[in-house]
Number of protein chains: 4
Amino acid sequence: MAQNSNGKIQVAVLGASGYSGAEALRLLLSHPHVRIQALTADRKAGAPIGEVFPQLDGYGLPMLQRIEELDWDQIDTVFCALPHGTTQDVVAALPDKVKVVDLSADFRLRDIDAYATWYGHPHRAPDLQEQAVYGLTEFARTAIANTRLVACPGCYPTSALLPLLPVLEKKVIRTDDVIIDSKSGVSGAGRALKEGSLYAEVAEGIHAYGIASHRHGPEIEQELSGAAGLAMTVTFTPHLMPMNRGILSTIYVKLADGADVEDLRAALAERYADEPFVRLLPQGQAPQTRHVRGSNNASIGIFADRAPGRAMLICAIDNLVKGAAGQAVQNFNVLHGLPETTGLSLAPMFP
Amino acid sequence: MAQNSNGKIQVAVLGASGYSGAEALRLLLSHPHVRIQALTADRKAGAPIGEVFPQLDGYGLPMLQRIEELDWDQIDTVFCALPHGTTQDVVAALPDKVKVVDLSADFRLRDIDAYATWYGHPHRAPDLQEQAVYGLTEFARTAIANTRLVACPGCYPTSALLPLLPVLEKKVIRTDDVIIDSKSGVSGAGRALKEGSLYAEVAEGIHAYGIASHRHGPEIEQELSGAAGLAMTVTFTPHLMPMNRGILSTIYVKLADGADVEDLRAALAERYADEPFVRLLPQGQAPQTRHVRGSNNASIGIFADRAPGRAMLICAIDNLVKGAAGQAVQNFNVLHGLPETTGLSLAPMFP
Amino acid sequence: MAQNSNGKIQVAVLGASGYSGAEALRLLLSHPHVRIQALTADRKAGAPIGEVFPQLDGYGLPMLQRIEELDWDQIDTVFCALPHGTTQDVVAALPDKVKVVDLSADFRLRDIDAYATWYGHPHRAPDLQEQAVYGLTEFARTAIANTRLVACPGCYPTSALLPLLPVLEKKVIRTDDVIIDSKSGVSGAGRALKEGSLYAEVAEGIHAYGIASHRHGPEIEQELSGAAGLAMTVTFTPHLMPMNRGILSTIYVKLADGADVEDLRAALAERYADEPFVRLLPQGQAPQTRHVRGSNNASIGIFADRAPGRAMLICAIDNLVKGAAGQAVQNFNVLHGLPETTGLSLAPMFP
Amino acid sequence: MAQNSNGKIQVAVLGASGYSGAEALRLLLSHPHVRIQALTADRKAGAPIGEVFPQLDGYGLPMLQRIEELDWDQIDTVFCALPHGTTQDVVAALPDKVKVVDLSADFRLRDIDAYATWYGHPHRAPDLQEQAVYGLTEFARTAIANTRLVACPGCYPTSALLPLLPVLEKKVIRTDDVIIDSKSGVSGAGRALKEGSLYAEVAEGIHAYGIASHRHGPEIEQELSGAAGLAMTVTFTPHLMPMNRGILSTIYVKLADGADVEDLRAALAERYADEPFVRLLPQGQAPQTRHVRGSNNASIGIFADRAPGRAMLICAIDNLVKGAAGQAVQNFNVLHGLPETTGLSLAPMFP
């Protein structure tokens, strides 16, 4: 077992030069049972991490390497924060003993035909896909504990599934009328050079994108359909707005016959009563992304509508934490039988 | 007729120390047929406008006064940018010959009982309310030309009504399933000192507010119901986000039986073919608030949904221009028989 | 003379796909004596401008072309908003009758050896350089009126020279102790894809860059030295901060023997008494970039220091207007004998 | 000794409804030896902290109380995050056995006449002032360990003193020519309702304030003078810019006769070689506030100037952490003989 002499779990972060990789490092640096053994970043191999992310200088982190250079004997678990489409080949080449917490989209869609449709190429590791567990932690603990490969949910799906799954399980909303209007900060787009990510193209404005065509749509539907027991199609509109971090999903639902908004509240309250990271807000209080910033928390608000038979569920997360690196650490803890909050108890940073 | 020797229309701006008052001044300074004769700001009376708004220093504007000090012989038209609830008394006290372009909410709701319910006190000028024309210019030109009192629409209603009215008139959407998810910049909250308007409470985050309880809900419903010919209730959720200006409304609609998304496009294209300020974007292009910033333009995008029978209409305006002072100037032009674009041809400012 | 049948001056904007090119278009659209005849953007040739800048759609602008495609018979004056280093070849190839308002740095440094040192290659049109006039309008009117080629000052130099030149001319400050601490919005870096221009790398932070090595340093020194009558070296530190537009230069000076801060005020007041765009703020009022946003205004504040013999001059401009496209239009007006404020009377946009 | 049965130090935070109080709570929640026993907020007494700061809900913190309600038997140490001017009375009334870490300005100026001049009223607890230690931790450890009352430095002074004290101690700069140009985020102004703190008055702009009159000027001078061994007057200009957190101080110095910029680097490198929170950046790398965000780190860069005999020191801190609550916790650790980094090892949060 790849633990060093201090009994720490030895970890590599693949793709440490992106925002979600860096966020994983920020969190893992506070994790009492982790030793960060290796970092990779192909184009920056040989450089110290501080050259890529000055905020991570001075914490004794290893130099950036190429994946090929890693000594797998020294590594127990990898956090994969690689670009979509590249992870499947990397994971396929890993020694079997290495556990994988994947932050990419490569193993999220169970249906490899759907994968091919939405990602534009046939899946290259279908057998691995079969082993992968969709790691929305609160709904997959047992499976995660028994797998080697966790596919961490996308940021938008996390913000949509947390409020929706319990009310679908309890059948208190209709399955044919779910509208998810999501607003995201820019870090979700990563550090890639795109005109649309420039400050001047993002600041002081908002717009929708990927309308009726975003890849997180089928991911959301896969999980909702599983909870509902029937194939669901939802409306999902992501928006890009001027903030570094955060996703707010405002979800419009129709109540099932005979249900009212208190049934929604009851379903969520029951489901999340003992969850450390999911918080139901008091009646009338609206979630704000800034109040979960930097933390693994998800805040959920429930609101009756004036339009009869309608209600709103609103969920706020930090897209880089509960929507990416934080949930990855949470899954890592489950994988290793650690208390789920280990390394994740940081309070949100506001302002 | 209150025109000075140059044939200019003499204008007073009441409430010049707020953001919409200042925006009216910015626009009126470029208006070739206007002379800004007087400015009021009760608490700042006696000060130059540059003390309240340094950006307006140096343009030869009059000193701030109290309303009581104005010489109405010198004034033909007032722009009222006073707080909600205070305008009705002010307008009631004006000489009949003075035309009024009101930016407040005081005269928007035709039903004074609805006014009392939503604004918390009986209307104090019900007779004036009867004369008032709801000034969504593109839909009210004749009435505006024949009145003395124009109630300019709220910012959210403007962004919702422009895309929705034509498709309701053409009966290509259902009336029982309209969801308006709106995102607004902060200037909509005005310059009042509220904790929720502080930079640190707004920057780097988003939240919904006034959920199912915002006063613009009944205003939207009033106008939609008129177009639909039946009483409509809609879902309306405003959000506050970190930008100075702009509203984006993402509107989820159900298509009427037999209609498809091209019918929506056709209805909007026909209705706005000759409108100078309303622009239908090419298929696939999403409106961005930053691309209308500072202008009186409204951009509308139309999108088919993956969910069958559903579509999205997205509208972007500058809340201070088309959503307030710009539409006010547009209405002023109609009131005075001027070309509607007079003083409003400024291109948007981006970035 | 290339004026069309309406007596308008026919203009081409070269490099219309960058921010300063777009800003020139925004301003020129309001210019009563200009007809925008052609736009170029090499990589986007054949596309409508609205594809590159959606905010400019709907104003009847010509399609984007390659420079080689232009019909010079139809063009009287070009605004060059091309990348540094590429302009000199373009201008050298133009017909002599075409006047040039250049927004690049190519013709700003009179000393072609200094140019070679700071820009990394020998100047390729030294004869043109000799004709070029450094176009800080307030200080170069006569020369501009008599040239064919105006080199518009850089954004930082504009913000530094406006407050410094008059006090140097009056010899009320020392020449050996001038420190310019400048803070700029992001649009100054243009629309090029650079990691440092990404939203997440700019928002919520500030840093200095180009410390003691920015190319605007020698440009500032060239002009200061001219005014002082001796070679000056200054300290100049630019900072990048999260805003779209604006430069604030805080300038620390030592008073000349016998001079006091009132002498600074007098020098500036006298020099700018009749200038339409340069505004001295009342004592104690600090310039804010947001109060000049979108306008061609420059605000200057003058402050005594607690440290004896020291004072501060603070200047705010919009880097895209007075620091680029606005000053270009101002110079265009001088070139063509038009009133200098033509097309430039827009009030600032705040908030 | 007020430690509970778990051996934890029992702490009260006075003024928990302000930003620095909340930041102290964020940090103390991660402190392994602290039990947060009481919170006060006069106007919000009786409310849960989550009502004032939703991000702090769910962490088991005590209800807000009035100071008068506290049971001092249960409290060992207070963090005072009260408004300036109110702390001296509060501290004077505390039992002697309670240690005080004060984040206000009340005990920073040793000279009570200077206090009266700059704060507008006579000091009301001059005897306590004599006991107070100015807690720039890196320069005051022994004194802090032996006092009961630590006056934590202001945010601006922290950013100025860290780079300047070592070079003054080593006499490698001149004492008569120090210029500090500081840029701060908005949280430094606190949560008070001021027009100047509104989002629309801060976003997308920058301005200087408190020019030659900010209260942190004399505080900086007090400490610099101590290090230099003579009375120093410096130039200090703070600027307000659109970010929540962070201060960048760009400091212009003149080298002492015979000294060069490498002497500055050597002085700082020697002084901070073993400091956990102060980091000298590699040559050529400029500090960015975003790279220290949320951490107790201070980054310092050293740059030669082109102007002969001049250099720049640039320092970045998070104003709420090293500039306030973080340094307070650091001082708390010293007060209690704990390792200084206890509870402060969080890596910065970027983006």
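Chain A is the first sequence line, chain B the second, and so forth, proteins listed ahead of strands; every chain is numbered from 1.
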With respect to chain D, which residue among [options] yields the maximal number of heavy-atom pairs within a distance under 4.5 Å?
| options | answer |
| --- | --- |
| C:F303, C:Y199, C:Y252 | C:Y252 |
| C:M243, C:H207, C:R290 | C:R290 |
| C:T250, C:D176, C:V234 | C:T250 |

> Does the pair C:E223/C:R110 count as a salt bridge with the N-to-O cut at 4.0 Å?
Replying inline: yes
> Got a salt bridge between C:D181 and D:K183, using NZ or NE/NH1/NH2 to carboxylate O under 4.0 Å?
Replying inline: yes
Give, as side chain, backbone, both or neither, the part of [X] having an atom under 4.5 angstrom from any heavy atom of chain D.
| X | value |
| --- | --- |
| C:F350 | side chain |
| C:I206 | both |
| C:R245 | backbone |
| C:P287 | backbone |
| C:A316 | neither |
| C:Q285 | neither |
| C:R306 | both |
| C:D177 | side chain |

Heavy-atom side-chain contact between [X] and [Y] under 4.5 Å:
| X | Y | value |
| --- | --- | --- |
| D:P153 | D:E219 | yes |
| D:Y209 | D:H214 | yes |
| C:P238 | C:S184 | no |

Between [options], who has the most heavy-atom pairs with chain C when the cutoff is under 4.5 Å?
| options | answer |
| --- | --- |
| D:R293, D:M312, D:H239, D:M232 | D:H239 |
| D:L240, D:I211, D:V178, D:I247 | D:I211 |
| D:E201, D:Q288, D:E204 | D:E204 |
| D:A286, D:A200, D:P351 | D:A200 |
| D:I314, D:V292, D:T237 | D:T237 |

> Between C:S187 and C:N319, is any side-chain donor less than 3.5 angstrom from a side-chain acceptor?
Replying inline: yes
> Can a donor-acceptor pair be found between the side chains of D:D305 and C:T235 at a distance below 3.5 Å?
Replying inline: yes
Check: [X] side chain, [Y] main-chain N or O, donor-acceptor pair, under 3.5 Å:
| X | Y | result |
| --- | --- | --- |
| D:D260 | D:D263 | yes |
| D:S295 | D:N297 | yes |
| D:R215 | D:W118 | yes |

